[in-house]
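Notes for the one structure printed next.
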Amino acid sequence: DQQVKQNSPSLSVQEGRISILNCDYTNSMFDYFLWYKKYPAEGPTFLISISSIKDKNEDGRFTVFLNKSAKHLSLHIVPSQPGDSAVYFCAASPTGTASKLTFGTGTRLQVTL
Amino acid sequence: DTEVTQTPKHLVMGMTNKKSLKCEQHMGHRAMYWYKQKAKKPPELMFVYSYEKLSINESVPSRFSPECPNSSLLNLHLHALQPEDSALYLCASSQDGLPRDEQYFGPGTRLTVT
C-alpha cells in the first residue's frame with residue numbers, strides 16, 4: 001500500500017526551462033511534506049518542505065505547492081540547471097510527536113543542455 | 001559539520017554471518033534513524049532512536065538489532081539474514097526527532113546477502 005506516490009518515474013527537461021515534479025498521497029494524517037534530492041552513491045539531501053497550513057513555499061529556484069483537497073503536491077524548479085539532474089523523492093510526515101517519514105517512489109530528473 | 005558517516009560502504013555476508021553497520025554524526029542531533037532501500041523503491045523506515053531510546057520499530061524482523069551506544073552513534077547488528085535483505089541501508093539524524101525536523105542522511109551501506 002503505497003501512501004505516497006510519484007507517478008512519473010522519469011522526467012527530461014531542457015536547461016533553463018521549468019521542471020515540475022508531482023506527488024500524490026492518500027493518508028489524511030499527513031500534515032508535513034518534504035522534498036529530497038538524491039545523487040548516485042549519496043544519501044538523500046533535504047531540499048524544501050511545506051506545512052499543511054500553507055499552499056506554497058518558495059526557496060530560491062525551488063517552489064513547492066500543496067493542494068490539500070486533491071492530496072497533491074508539486075515541486076517546481078525554475079530555471080532548471082544540469083546540476084539538478086538527480087532522483088527526487090517527496091516524503092510525508094503524519095501529525096504526531098515523532099518524525100516518521102513515508103517516501104514516494106522517486107522521479108529521476110534529467111536536465112539536458 | 002553536517003555530515004552523517006556510515007561504515008562500511010559495501011558489505012557482503014553469508015546467511016550464517018554476524019555483522020554490524022555503523023553510523024555516526026557530530027551535529028549534536030538527538031534522533032537517529034535506520035532506513036532500508038531496495039532497488040527502484042523508496043527508503044522505508046526501520047527504526048527511530050530519540051534521546052538514545054528506541055522510539056519506533058516498524059515491525060522489523062529480529063534478525064536486525066539496532067543499538068544506540070550514545071547520541072552520536074547508531075549501530076545495526078545483523079544476524080542470520082536472508083538474501084531478500086540485500087538492500088541499501090541508510091542512516092539519518094535529526095535535531096530532536098520531531099515531525100518537522102529536517103533529516104540528514106548518510107551515503108548508505110550497500111549490503112549483499114549470499
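Here is how names work: the chains are called A, B, and so on, in the same order as the sequence lines, proteins then strands, and each is numbered from 1. Note that the coordinates shown come from a computational prediction; the quantities given were computed from them, not determined experimentally. Hydrogens, waters and symmetry mates play no part in the numbers below; they use all other heavy atoms, side chains included.
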Under-4.0 Å salt bridge between B:Asp101 and B:Arg30 |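 Looking at B:Arg30 together with B:Asp101, the answer is no, because their closest N to O distance does not fall below 4.0 Å.
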Under 6.0 Å between ring centres, would you say that holds for A:Phe33 and A:Tyr25?
->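 Yes, close enough.
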Identify which of A:Ala41, A:Pro9, A:Gly106, A:Pro44 forms the greatest number of heavy-atom pairs closer than 4.5 Å to chain B.
->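 Between A:Ala41, A:Pro9, A:Gly106, A:Pro44, the count favours A:Pro44.
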How close do [X] and [Y] get, heavy atom to heavy atom, and via which atoms?
X	Y	answer
B:Lys38	B:Glu84	NZ-O, 2.6 Å
A:Phe89	B:Lys41	CE2-O, 4.5 Å
A:Leu47	A:Asp59	O-OD2, 4.4 Å

Should the ring pair B:Tyr104 and B:His29 be called parallel, tilted or perpendicular, given that the plane angle runs from 0 to 90° and is split at 30 and 60?
->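 Plane angle between 30° and 60°, so tilted.
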Taking heavy atoms only and a threshold strictly under 4.5 Å, list by residue number the residues of residues 60-87 of chain A that touch chain B; give 'none' if the list is empty.
->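 Those residues of residues 60-87 of chain A which would need a heavy atom under 4.5 Å from chain B do not exist here.
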Heavy-atom cut-off 4.5 Å, strictly under: side chain, backbone, both or neither for [X] against chain B?
X	value
A:Tyr36	side chain
A:Ser49	neither
A:Gln6	neither

Check each of B:Gln103, B:Glu58, B:Glu44 against B:Tyr35 using the side chain to side chain donor-acceptor pair (under 3.5 Å) test, and report the only one that passes.
->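 Exactly one candidate clears the test, B:Gln103.
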For B:Ser94 and B:Tyr33, test the side chains for any donor-to-acceptor distance below 3.5 angstrom and give the result as yes or no.
->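 Per modelled atom types, B:Ser94 and B:Tyr33 side chains form a pair under 3.5 Å.
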